There are 2 protein chains.
Amino acid sequence: MKVTIVEVAKAANVSVATVSRVINGNYPVKEETKQKVLKIIQELEYTPNIQARDLIKQQSSTVGVVVPSINNMFFPSVVDGIEKYFDSTQYSLFLCTTNHDKDKEIARINELIARNVAGIIVIDPNLENCKSKFYDNISKSTPVVFVNGYNTSSNISSVSNDETSGARMVIEYLFENSHRDILFIRGEKSYSYDVKEKVYRDVMSEINNLHEEYIINIGYGNSIETVNKTTEECVKILDSNKKISAVFACNDLMGIGIINACKKLNKKIPEDLSVIGYDNIELSEIVEPHLTTVDQNMFLLGENAATLLIEKIENGNKYSKKIILNNELIIRNT
Amino acid sequence: MKVTIVEVAKAANVSVATVSRVINGNYPVKEETKQKVLKIIQELEYTPNIQARDLIKQQSSTVGVVVPSINNMFFPSVVDGIEKYFDSTQYSLFLCTTNHDKDKEIARINELIARNVAGIIVIDPNLENCKSKFYDNISKSTPVVFVNGYNTSSNISSVSNDETSGARMVIEYLFENSHRDILFIRGEKSYSYDVKEKVYRDVMSEINNLHEEYIINIGYGNSIETVNKTTEECVKILDSNKKISAVFACNDLMGIGIINACKKLNKKIPEDLSVIGYDNIELSEIVEPHLTTVDQNMFLLGENAATLLIEKIENGNKYSKKIILNNELIIRNT
DNA sequence: GTGAAAGCGCTAACAG
DNA sequence: CTGTTAGCGCTTTCAC
């Protein structure tokens, strides 16, 4: 068994209260006693039990982070940002993955609450869950922050990229380069895709060139398999539809899938087909040709989410904030 | 404040013990009382406080996972394996990153212990820490499992790939294809690199063709920047040393770096240069040309680590085990 | 300055 | 079957 405060107290011939005081340094203790206790603590290799401390103090020093999947290049960067921020605090992170499953997401959140976390950051929350009352309810008692989520609740803070303007940037850039027949590739069950599709539809309608068959939903969109799934799906489409001169991929993984599709079809990029991705994951700079994309600055997304959560925890979950980060078109070779 | 068991008891007009019994189902409760309590629990949205439960039960339902970094394709896969396994248990994961920093690793481990975790999995533990008495000491009181770590302690379980045979496979395959001048790329501070370098040295010595200048250490090796770092470093080397006909890269990121270096030098792969990586991260199948590599089966690595930890927790940290997974050469196009 | 004692939310004997 | 009670490891009044 691990050594407890009682054993330290005994060994030092003082009361547990005194030991507690030297550990926390919140009440005066005679220097001599203090040194004695400190020495014993060292000798016995005593570490205070944080669980017990949290319990009595009626506080929590853990926060939960919920993420659809960790096996891609996008979410880990966001988590990195969150981690770096909490590094300098007394909080530790419970990381949970949902595997893009709506019910698992709910289960995970409930687990976190049972573990009495001080707050929860949800990255890319499931759209249905957002629309149901689930999060509304949770957020009454536990501080919640969304990253890139659909958020109508007044008691949830959120940080997201301005995907509307990002998507607009993409399409306008394509227009400037005289593209009119633009394939749109999206995934499912995330608000991000909906936002971008809306922009796409609006803008294409404006120029009277909206074709339903140009809008492709390839299913789950943020795992590494997305690349090959996109390639397979789009080889057919690009091969049969010669009018398409550009592709707007909702994320870089899909963008890379398109690049690979072009290799299969012997299409030259960007001569035969222009490709623009979204996110600017590190991979986009490593593939050949380097992918043109929109920078989401994932790390910053994470950092801001962490800041918002701390704020919410400290203000007693009373008010919320929405942060919208701007993004930037990174023009590379596609 | 969250609702506690006392309030449920009051509302249901029973004692807290009874409420506890219906929650845990470990003692008989009259069906009628049970239903009444269950109903109240629902109404009040009561969730038991796991921290308090762990405290009284003198147990812990959390485990710690320590990983150098989450921002690459290797570690997340291992973590995925670990997560999937713990999914079906009552354990939750504390995930910590060390950013490849030896002292941070120690700090993180101490934090986990203060949080009273049931056990700790360390992925790619820092070599110096392994050689110091740090882990020896920790593992006396807390179950510890290493993934791909240097492990001499009798009280630490570990799972690793048979990197010796893996490395040998690589070099022998290169020999079979008549390569004799093989560049060896490694990183620092991980046992994995040492193992592979030893094999490389041994085998090259056997054929009397060991050149110190063929052994390149490019520093931290498992972040995405590794790709470009390798490219930069190796463009010079490959350009100035025309005898080199093959490269053995200690991981796939470095392998991809070599591929990109060849593009810069207009070298054809595999005609002008053969490249073999290590790990078989998902990326290796997505880059062009597809990278020949050794499959580490990261997911399995994680799963096995989780199994070992559970075993150790259940046997009271009394005995340990080492698992060595075989690996397989994946011959692709480089 | 320091100790005794109460209590955080929960479980597990022990009685009844 | 059910209630009473002690106590997990810790912090924090309240006396002295």
Side-chain angles (χ1 to χ4, degrees), chain A residues 1-38 40-41 44-62 90 111-118 141-142, chain B residues 1-38 40-41 44-62 90 111-118 141-142:
Chain A
M1 212 45 234
K2 283 180 54 179
V3 5
T4 74
I5 199 170
V6 183
E7 304 170 55
V8 176
K10 273 194 195 130
N13 243 316
V14 295
S15 72
V16 290
T18 303
V19 178
S20 172
R21 289 195 266 257
V22 339
I23 293 166
N24 296 291
N26 46 357
Y27 291 93
V29 178
K30 212 207 296 173
E31 186 59 27
E32 194 191 321
T33 334
K34 189 172 161 185
Q35 291 310 327
K36 187 171 59 178
V37 172
L38 248 24
I40 301 284
I41 288 182
L44 266 47
E45 297 187 354
Y46 166 71
T47 0
N49 182 328
I50 301 185
Q51 298 204 74
R53 178 184 292 171
D54 279 357
L55 190 60
I56 185 78
K57 280 191 151 191
Q58 297 276 70
Q59 56 157 44
S60 163
S61 57
T62 55
Q90 92 274 34
E111 268 173 46
L112 289 172
I113 290 174
R115 290 196 178 279
N116 199 27
V117 291
S141 47
T142 306
Chain B
M1 213 42 236
K2 285 179 54 179
V3 3
T4 73
I5 199 170
V6 183
E7 304 170 55
V8 176
K10 272 194 196 129
N13 243 317
V14 296
S15 72
V16 288
T18 304
V19 178
S20 172
R21 286 180 194 120
V22 337
I23 294 167
N24 296 292
N26 46 359
Y27 290 94
V29 178
K30 213 209 294 174
E31 187 58 28
E32 194 191 322
T33 334
K34 189 172 162 185
Q35 291 309 328
K36 187 171 58 178
V37 172
L38 249 24
I40 301 284
I41 287 181
L44 266 47
E45 296 186 354
Y46 166 72
T47 2
N49 182 328
I50 300 187
Q51 298 204 71
R53 178 185 290 170
D54 279 358
L55 191 61
I56 184 79
K57 280 192 152 189
Q58 297 276 66
Q59 55 156 48
S60 164
S61 57
T62 55
Q90 92 275 34
E111 267 173 48
L112 289 172
I113 290 174
R115 290 196 178 279
N116 200 26
V117 292
S141 47
T142 307

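Residue numbering restarts at 1 for every chain, and letters A, B, ... go by the order of the sequence lines. A quick note: this is a predicted structure, and the numbers were derived from the prediction, not measured.
- For Glu32(A), the CD atom counts as loosely surrounded, since its 6.0 Å shell holds 12 or fewer non-hydrogen atoms of other residues, nucleotides or ligands.
- Among the heavy atoms of the strands, none lies under 4.0 Å from Asp54(B).
- Closest contact between the side chain of Tyr46(B) and the listed nucleotides dG1(C), dC10(C), dT2(D) involves dC10(C).
- A residue-by-residue look at Ala52(B) and Arg21(B) shows that Ala52(B) has its nearest nucleotide of DNA chain C further toward the 5' end.
- The environment of Lys34(A) atom NZ is sparse: at most 12 non-hydrogen atoms of other residues, nucleotides or ligands sit within 6.0 angstrom.
- Using a 4.5 Å heavy-atom cutoff, the side chains of Val3(B) and Val8(B) are in contact.
- Side-chain contact, Asp54(A) with Ser61(A): a donor N or O sits under 3.5 Å from an acceptor N or O.
- Here the side chains of Lys2(A) and Ile113(B) are in contact, with some heavy-atom distance below 4.5 Å.
- Going from atom CD of Gln51(B) over to atom C1' of dT11(D) covers 15 Å, rounded to whole Å.
- Comparing Lys34(A) and Ser20(B) by the nucleotide of DNA chain C whose heavy atom lies nearest to each, the residue mapping closer to the 5' end is Lys34(A).
- With contacts defined as side-chain heavy-atom distances shorter than 4.5 Å, the pair Ile23(B)/Arg53(B) qualifies.
- One interatomic measurement links the two molecules: NZ of Lys57(B) to P of dA12(C), which rounds to 5 Å at whole-angstrom precision.
- In this structure, NZ of Lys10(A) is placed 20 Å from P of dT2(C), rounded to the nearest angstrom.
- Of the candidates dG9(D), dT12(D), dA12(C), dG9(D) carries the atom nearest the Ile5(A) side chain, counting heavy atoms from C-beta on.
- Protein atom CD1 of Ile50(B) is 10 Å distant from nucleotide atom P of dT11(C), rounded to whole Å.
- Ile56(A) places its CD1 atom 11 Å from the C1' atom of dT13(D), with the value rounded to the nearest Å.
- Picking from dG9(C), dT4(D), dA12(C) the nucleotide with the shortest atom distance to the side chain of Leu55(A) gives dG9(C).
- Distance CD1 (Ile23(A)) to C1' (dG9(D)): 11 Å, rounded to an integer number of Å.
- As a whole-Å value, the separation of Tyr27(A) OH from dC14(D) C1' is 11 Å.
- Backbone-only contact: Thr18(B) has heavy atoms under 4.0 Å from sugar-phosphate atoms and none from a base.
- Nucleotide dG1(C) holds its P atom 14 Å from the CG atom of Asn26(A), rounded to whole Å.
- Listed nucleotides: dG9(C), dT11(C), dG3(D). Nearest to the side chain of Gln58(A): dG9(C).
- Within a 6.0 Å radius of CD in Gln59(B), other residues, nucleotides and ligands contribute more than 12 heavy atoms.
- In the helix from dG1(C)-dC16(D) to dG16(C)-dC1(D), the rotation axis of the first five pairs and that of the last five pairs differ in direction by 50°, rounded to 10 degrees.
- When each of dG3(C), dT13(D), dC10(C) is scored by its nearest atom to the side-chain atoms of Pro48(B), the top-ranked nucleotide is dC10(C).
- Checking dC10(D), dG9(D), dC1(D) against every side-chain atom of Pro28(B), the shortest atom distance belongs to dC1(D).
- Side-chain atoms of Val14(A) and Val19(A), non-hydrogen and from C-beta on, do get closer than 4.5 Å to each other.
- Taking only side-chain atoms of Val16(A), from C-beta outward, the nucleotide of dT4(D), dG9(D), dT11(D) with the closest atom is dT11(D).
- Of the candidate nucleotides dT12(D), dC10(D), dT4(D), dT12(D) has the atom nearest to the side chain of Ala17(A).
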